[in-house]
Undergrad: 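For reference, the structure I am asking about is given below.
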Amino acid sequence: MTDFLKLTDTLSVAPQIFEDDITKAASEGFGMIINNRPDGEEAGQPTNAELAEVAANQGIKWAHIPVVGGQLTMEGIEQMAFALRDGTGDSSDGRVLAYCRSGTRSCTLWGLSEAYTGGMETDRILHLASSAGYDLSGMAPTLEHLRQSAGSQTQS
């Protein structure tokens with residue numbers, strides 16, 4: 001079984017999941033899973049469609065936001081922000097599991113989406129990521145820039 005690493009009360013991240021992990025997620029009350037891996041990224045990786053079907057059979061919502069490692073885009077950040085808002089708004093208890101190859105991409109997308117929406121201070125994002133074992137400190141300037149941009153958008 002794959003370890004789910006808690007970032008917040010509503011979001012955990014994980015490396016690649018498999019069918020039994022979806023059953024585990026359902027039993028732990030996750031209402032949505034976000035797949036951040038493109039199909040075919042690695043040999044033997046289950047396809048998005050295969051896992052999405054298992055999740056649907058478990059009553060779990062599914063989002064596919066495939067991001068190639070090292071190629072984060074604003075579109076991906078916006079899609080992640082939307083999926084997180086959707087997943088925490090009306091799923092069973094508002095808990096979301098996001099995964100990728102190692103969990104780093106999902107954690108990074110979460111941090112960037114939090115900064116982009118102005119939802120969390122940069123230091124808090126860095127602290128929560130670090131507590132789960134992910135070092136986003138090199139992204140601090142980007143996170144702060146996104147937060148500043150979010151703040152200026154809400155003031156306009």
Undergrad: Would you check if the side chain of R95 reaches a backbone N or O of E28 as a donor-acceptor pair within less than 3.5 Å?
TA: yes
Undergrad: Can you see which heavy atom on I33 is nearest to which on A25, and at what distance?
TA: CD1-CB, 4.3 Å
Undergrad: Taking only residues at least two apart or on different chains, which pairs with a member in residues 72-83 satisfy side chain to side chain donor-acceptor pair (under 3.5 Å)?
TA: E75-Q79, E78-Y116
Undergrad: Indicate yes or no: at least one non-hydrogen side-chain atom of L109 is less than 4.5 angstrom from one of V67.
TA: yes
Undergrad: Measuring from I77:CD1 to L146:CG, what's the distance to the nearest 0.5 Å?
TA: 5.5 Å
Undergrad: Under the side-chain contact (heavy atoms from CB on, under 4.5 Å) test, which residues partner T104, sequence neighbours left out?
TA: S102, T108, Y134
Undergrad: Quick one: do R37 and E42 make a salt bridge, cutoff under 4.0 Å?
TA: yes
Undergrad: Please confirm whether F4 and Y99 have ring centers closer than 6.0 angstrom.
TA: no
Undergrad: If you measure from CD on E114 to OG1 on T122, what distance do you get to the nearest 0.5 Å?
TA: 10.5 Å
Undergrad: Enter the distance from F30:CZ to Q58:CD here, rounded to the nearest 0.5 Å.
TA: 13.5 Å
Undergrad: Say whether E144 and Q148, considering side chains only, have a donor N or O and an acceptor N or O under 3.5 Å apart.
TA: yes
Undergrad: Are more than 12 heavy atoms, taken from residues, nucleotides or ligands other than D123, located less than 6.0 Å from that residue's CG atom?
TA: no
Undergrad: Give the minimum heavy-atom separation between A83 and A63, together with the two atoms involved.
TA: CB-CB, 4.2 Å
Undergrad: Do L72 and L7 share a hydrophobic cluster, counting only Ile, Leu, Val, Met, Phe, Trp and Tyr and linking them when any side-chain heavy atoms are less than 4.5 Å apart?
TA: yes
Undergrad: Are the side chains of I34 and W110 in contact, using a 4.5 Å heavy-atom criterion?
TA: no
Undergrad: Kindly say whether L126 contributes a backbone atom to a donor-acceptor pair with the side chain of S130 at under 3.5 angstrom?
TA: no
Undergrad: Does the side chain of S113 come within less than 4.5 Å of L84's, by heavy atoms?
TA: yes
Undergrad: Just so I know, are the side chains of L51 and W62 near enough to count as touching, which here means a heavy-atom distance under 4.5 Å?
TA: yes
Undergrad: So, taking the atom named CZ in R147 and the one named CG in L112, what distance separates them when rounded to the nearest 0.5 Å?
TA: 13.0 Å
Undergrad: Hey, is E19 close enough to K24 for a salt bridge, meaning N to O under 4.0 Å?
TA: no
Undergrad: Report yes if the side chains of L97 and S12 come closer than 4.5 Å at any heavy-atom pair, otherwise no.
TA: yes
Undergrad: Consider only side-chain N and O atoms of D21 and T2, and report whether a donor and an acceptor are under 3.5 Å apart.
TA: yes
Undergrad: Is I17 reachable from M1 through a run of hydrophobic residues whose side-chain heavy atoms are each under 4.5 Å from the next?
TA: no
Undergrad: Does a side chain donor of either N35 or N48 reach within less than 3.5 Å of an acceptor in the other side chain?
TA: yes
Undergrad: Is the number of heavy atoms from other residues, nucleotides or ligands under 6.0 Å of E41 CD greater than 12?
TA: yes
Undergrad: Enter the distance from L11:CG to L5:CG here, rounded to the nearest 0.5 Å.
TA: 10.5 Å
Undergrad: Is I65 reachable from M74 through a run of hydrophobic residues whose side-chain heavy atoms are each under 4.5 Å from the next?
TA: yes
Undergrad: Which heavy-atom pair separates D39 from P46 by the least distance, and what is that distance?
TA: OD1-O, 4.3 Å
Undergrad: For the residue pair P141 and G138, what are the closest heavy atoms and their distance?
TA: CD-O, 3.8 Å
Undergrad: Under 3.5 Å, side chain of Q45 to main-chain N/O of P38, donor-acceptor pair present?
TA: yes
Undergrad: Which heavy-atom pair separates V13 from S106 by the least distance, and what is that distance?
TA: CG1-CB, 4.0 Å
Undergrad: Can you tell me how far apart CE (M32) and NZ (K61) are? Round to the nearest 0.5 Å.
TA: 5.0 Å
Undergrad: Hey, does E121 have a side-chain heavy atom less than 4.5 Å from the side chain of L143?
TA: no
